[in-house]
2 protein chains.
Amino acid sequence: MKIKHVLFGLAAAGLAAGASAQAKPEDQIKFRKAGYAFMSWNMGKIKQQVIDNPGSFNKDQVLAAANVIAATANSGMGALYGPGTDKDVGGQKTRVKPEFFQQPDEVRKLALAFIKEANELQKVAATGDAAAIKTQFGKTGESCKACHDKFRKDE
Amino acid sequence: MKIKHVLFGLAAAGLAAGASAQAKPEDQIKFRKAGYAFMSWNMGKIKQQVIDNPGSFNKDQVLAAANVIAATANSGMGALYGPGTDKDVGGQKTRVKPEFFQQPDEVRKLALAFIKEANELQKVAATGDAAAIKTQFGKTGESCKACHDKFRKDE
């Protein structure tokens, strides 16, 4: 019931992919962790080039990284939080908190905020303005963190 | 030496991200597996909607999936095959074959072929023409398989 509620909310917000393509719970966990991990690699590349080592700034690489983050944000990851994915299953460990399945409105709010920042990061990256990218990178990172603070267990 | 050679080839072909952002070998393996796994989820969604269950075709979802695949293809994953990533390390298992590090020209050829097909899939997905997407989905899948046949160990 609660899980259906979340999925419905996500679907209504255009965040969920077709339920018919639903993967096994362990694969859903694997895929969502993969999506986040691959985003974090791309966030790391942007951080490297606009904060840690600005001399290495490369517009094309930063835009390519921002494209991954925006595309991932818009890929309907809500579909990867289906029934049976609230706990470790089939050898896949998950750090999702129970609250994720209990507070669909809050999840939707934070997910939409993240999508907005990621889309904006992609737009700003296309301009090649390193200072503006740095600011928007910070906002995007905040939107990742907002979700983790509420819905991801510490390691 | 050989690994440097591969990276140089990939960098020359625009496939590698800045070497200064180099992650630890175990993280490189984690990130490349994550990138591939997340692509495979997105390939699965396209397959679902243009082959398995064409009645479920949704242009926006298919385009969103194609955007992930194209963005991942263009993200410079060559940088994730650095020194020390040819074997299991730090708890991360890898299925990459030694040939990957010995045949940089072949890797580059297959990687560029994949990027071409992924970019084309993104273009075709934007048209919403399900039949054309199906054809281009097939070509993209072939380009994944061509690389796996040569450079990925069976499970």
Side-chain angles (χ1 to χ4, degrees), chain A residues 11 14-24 27-58 60-77 79-80 92 115 118-119 122 125, chain B residues 11 14-24 27-58 60-77 79-80 92 115 118-119 122 125:
Chain A
L15 300 176
S20 48
Q22 207 70 326
K24 281 189 294 188
D27 291 337
Q28 292 179 44
I29 295 174
K30 179 183 164 148
F31 290 143
R32 73 196 186 200
K33 285 163 59 179
Y36 294 129
F38 200 65
M39 279 203 292
S40 78
W41 177 54
N42 285 283
M43 287 290 280
K45 287 185 288 180
I46 298 177
K47 177 169 181 287
Q48 175 71 23
Q49 297 192 27
V50 299
I51 297 178
D52 300 340
N53 183 7
S56 71
F57 180 74
N58 176 305
D60 292 340
Q61 287 179 9
V62 168
L63 177 56
N67 285 342
V68 169
I69 295 158
T72 303
N74 289 287
S75 70
M77 288 183 70
L80 297 174
Q92 276 294 328
I115 292 171
N119 286 339
Q122 184 178 37
Chain B
L15 300 176
S20 48
Q22 207 70 325
K24 280 190 295 187
D27 291 337
Q28 292 180 44
I29 294 174
K30 179 182 164 147
F31 291 144
R32 73 196 185 202
K33 285 164 58 178
Y36 295 129
F38 201 66
M39 279 203 293
S40 77
W41 176 54
N42 286 282
M43 286 291 281
K45 286 186 287 179
I46 299 178
K47 177 169 179 287
Q48 174 71 20
Q49 298 192 26
V50 299
I51 297 179
D52 300 339
N53 183 7
S56 71
F57 180 74
N58 176 304
D60 292 340
Q61 287 180 8
V62 168
L63 178 56
N67 286 342
V68 169
I69 296 159
T72 304
N74 289 288
S75 70
M77 288 183 71
L80 298 173
Q92 277 294 329
I115 293 170
N119 286 340
Q122 184 178 38

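All figures in this text were calculated on a predicted structure; none of them were measured in a lab. A, B, ... follow the sequence lines: proteins, then strands. Residue 1 opens every chain.
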- Message: With a 3.5 Å distance limit and no angle check, can you tell me whether A/K30 reaches the backbone of B/A37 through a side-chain donor-acceptor pair?
- Response: no

- Message: Using every non-hydrogen atom in the two residues, find where B/S75 and A/W41 come nearest and quote the distance to one decimal.
- Response: O-CH2, 3.4 Å

- Item | Options B/A70, B/A64, B/G35, ranked by heavy-atom pairs under 4.5 Å with chain A, top entry | B/G35

- Task: Give, for atom CG of A/N42 and atom OG1 of B/T72, the distance between the pair rounded to the nearest 0.5 Å.
- Result: 7.5 Å

- Message: If I compare all heavy atoms of A/V68 with all of B/A71, which pair ends up nearest, and what's the gap?
- Response: CG2-O, 3.4 Å

- Query: What part of B/N58 gets closer than 4.5 Å to chain A, counting heavy atoms only: side chain, backbone, both or neither?
  - Reply: neither

